[in-house]
Amino acid sequence: MAATDDYKFLPIRDAITSINQKVNLIGVILEFGFPKRTRGTDCCCTLKIIDESHQKAGFSVNIFAEYLEMLPHVASGGDIIQLCHVMVKKHIGEVNAVFNKKFSSFALYKGKDAADFAPYQVSSNFRRRDMDDRFIGNLRKWLVDLQLHEESSSFSLLREIKEGEHINLACKIVHFSEAAKDEWMALVWDGTDTPPNSFSAKPEDEMAYPLPLQLENSPLPRDILCTFPKVGTVLRIYFDQGFQKNKLFMLNIGKWIKFVNVICEVRGGLWCGLFTPFTKIRYTPDEDCLILERQRLYDERISLKWGRMPLWSFPSPYYNTEVNYDHVPFVSLMDVLTHSEVTAKFKCVVRVIAAIPWKAEEFLSPLGIYRMRLTLEDPTARIHAFVFAEDGETLFDGYPSVDVLSRKLNRLLGLSVCNDNKMVKDAPRNPPWVQVCLKSYYISKDDVWGSRQYQIFGTKIVGV
DNA sequence: TTGGGG
């Protein structure tokens, strides 16, 4: 490094050839990882930066610090980082910069939309210079017209996710909250529906181990759900164990973000994602081609007559049930949950994933009245819906034999049955899509929203 | 020193 009065920042292109030298760099953050502990005694995070001389892949910077708080906490991809006295190193053919906690320093600035030149985080030994404003201003100007060329095929839609896979997602943050004590989750959406899962849970398990209505301990309040999109899955992404729970998504509600390397899992038949220490967040401008593509797909979807029905349901809903409510359009369970009135009627396309009771002998109360609780699912939500009295008569077409009743419920639950109506042992069940009429109502006048329940009506199982 | 990716 030259004397400190020779204050200059190297273009990344030139830094790459300055192996084993200390350099000053200023760049736009293209990608960043979560701050984490190293296997040694320190903490570290990695960034990839770009500038006009090096726009494509991003130049890796590894930053070390004694404490997590001392690492740069990047608010958003596209922010600017100034790095002083970082060492350029070559590692297995790759060149990158290493931030040394003793002699390196950094400052973080907002990206292209900011007007001021005040850094939002600096390392303790960072020294600001008057010239910095000009460097940052120039970088912001360049960034305005920058076109990122993202490979669209390397980012999955939620409709394409597969269990156990590491995937990249380009999605909108719709909410961020604590799922359980110190367990944070980001709720994301891309306008498509996650694929339906099959269930290994046996029908008789529902009493002791009911399938959850949601993965978080308590359901999200209705006023939060009201901010969610009504069509398309809202996926929960949790932080895997062993690294800092990052609250930065709080700042980004309503924004689209690209995540690199998220793990997909199924819990209780519900899809979720996991952020791992290897997950990266990539710069996602509003006009990013991937984002425009997803927005266009969604606009196309909801402009279609059947766009609010589950993507995966065609043409099954018409074969399994008939509904006596033809004049209304289908709505999603999220529409149902967030409807403005407690008392209302709906028509939905759902899967019946569980039932209590599950034995046909018990569908009727001792007084001979139907009373059951079904668990319904669509790509947006799960609810419990009751079947009472005459609605049961409609659903099961009167009071057929136990054998017929049992066949009808098995059909709804997607149980594979042999010719003699015995269940195929341990086969996963894959409930079919069915159309149902639902009404919502309240139990207690004093707490109409708190006591809201759902009931199936005007729906008949057919083809059994 | 550490990590660099999965």
Side-chain angles (χ1 to χ4, degrees), chain A residues 10 12-13 15-23 25 27-51 54 56-74 77 81 83-106 108 123-125 150-151 153-156 160-170 186 235 237-246 257-266 271-283:
Chain A
L10 280 187
I12 294 170
R13 182 187 51 217
I16 289 172
T17 58
S18 311
I19 313 276
N20 295 327
Q21 292 179 52
K22 269 189 230 166
V23 301
L25 293 171
V28 173
I29 298 166
L30 178 69
E31 195 178 282
F32 62 102
F34 301 121
K36 57 189 172 188
R37 304 208 161 274
T38 66
R39 270 178 288 190
T41 55
D42 277 343
C43 303
C44 100
C45 71
T46 62
L47 307 173
K48 279 186 179 160
I49 59 171
I50 51 173
D51 69 6
H54 188 85
K56 289 252 162 70
F59 180 58
S60 285
V61 185
N62 301 320
I63 300 175
F64 296 96
E66 212 172 336
Y67 301 105
L68 287 169
E69 307 80 69
M70 297 163 107
L71 290 169
H73 285 69
V74 181
I81 191 163
L83 293 154
C84 297
H85 304 170
V86 290
M87 187 73 94
V88 178
K89 293 268 185 191
K90 193 166 188 176
H91 175 81
I92 322 177
E94 290 270 314
V95 180
N96 56 59
V98 178
F99 179 100
N100 185 296
K101 61 186 174 189
K102 292 201 189 74
F103 55 74
S104 307
S105 64
F106 74 83
L108 276 172
S123 61
S124 57
N125 54 349
E150 200 72 76
E151 185 57 52
S153 62
S154 56
F155 284 80
S156 306
E160 298 167 326
I161 63 176
K162 293 192 182 70
E163 198 171 358
E165 275 189 1
H166 295 242
I167 57 163
N168 306 331
L169 291 174
L235 182 79
I237 310 185
Y238 300 92
F239 287 87
D240 201 4
Q241 299 295 303
F243 65 108
Q244 197 197 14
K245 311 294 181 247
N246 199 305
I257 296 193
K258 285 180 281 186
F259 293 111
V260 174
N261 209 346
V262 174
I263 298 179
C264 300
E265 272 190 18
V266 176
W271 285 100
C272 64
L274 283 178
F275 293 126
T276 77
F278 319 110
T279 299
K280 305 274 189 270
I281 293 170
R282 194 167 292 172
Y283 174 41

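Just so it is clear: chains get the letters A, B, ... in the order the sequence lines come, proteins before strands, and each one is counted from 1. These numbers come from a predicted model, not from an experiment.
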Rounded to the nearest Å, what distance is computed from the [atom1] atom of residue [X] to the [atom2] atom of nucleotide [N]?
X	N	atom1	atom2	answer
A:R37	B:dT1	CZ	C1'	16 Å
A:L47	B:dG4	CG	C1'	13 Å
A:F34	B:dG4	CZ	C1'	18 Å
A:I49	B:dG4	CD1	C1'	15 Å
A:E94	B:dG5	CD	P	7 Å
A:H91	B:dG4	NE2	P	9 Å
A:K89	B:dT2	NZ	C1'	12 Å
A:F103	B:dT1	CZ	P	9 Å

- Could you check whether A:K101 gets within reach of a base, just the sugar-phosphate, or nothing at all, counting any heavy atom under 4.0 Å? base

- Have a look at A:T46 and say if it touches a base, only the backbone sugar-phosphate, or nothing, with a 4.0 Å heavy-atom cut-off.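 Sugar-phosphate, no base atom in range.
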
- Task: Give me the ring orientation class for A:F34 and A:F275: parallel if the planes are under 30° apart, tilted from 30 to 60°, perpendicular past 60°.
- Result: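 A:F34 vs A:F275 ring planes: perpendicular.
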
- Is there a donor-acceptor pair closer than 3.5 Å between any side-chain N or O of A:T279 and the backbone N or O of A:N261?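 Yes, the answer is positive, given that a donor and an acceptor are paired below the 3.5 Å cut-off.
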
- Side-chain donor or acceptor of A:K36 paired with backbone N/O of A:P277 under 3.5 Å: yes

- Query: Where the side chain of A:K102 is defined as all heavy atoms beyond and including C-beta, which of B:dG4, B:dT2, B:dT1 is the nearest nucleotide?
  - Reply: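 Given the options B:dG4, B:dT2, B:dT1, the side chain of A:K102 is closest to B:dT1.
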
- Query: Between the side-chain atoms of A:K36 and the base atoms of B:dT2, is any donor-acceptor pair under 3.5 Å?
  - Reply: no

- Message: With a 4.0 Å limit, can you tell me whether A:R39 has a side-chain N or O closer than that to the phosphate oxygens OP1/OP2 of B:dG3?
- Response: yes

Can you give the donor-acceptor pairs under 3.5 Å from side chains of residues 56-64 of chain A to other protein atoms, not counting sequence neighbours?
none

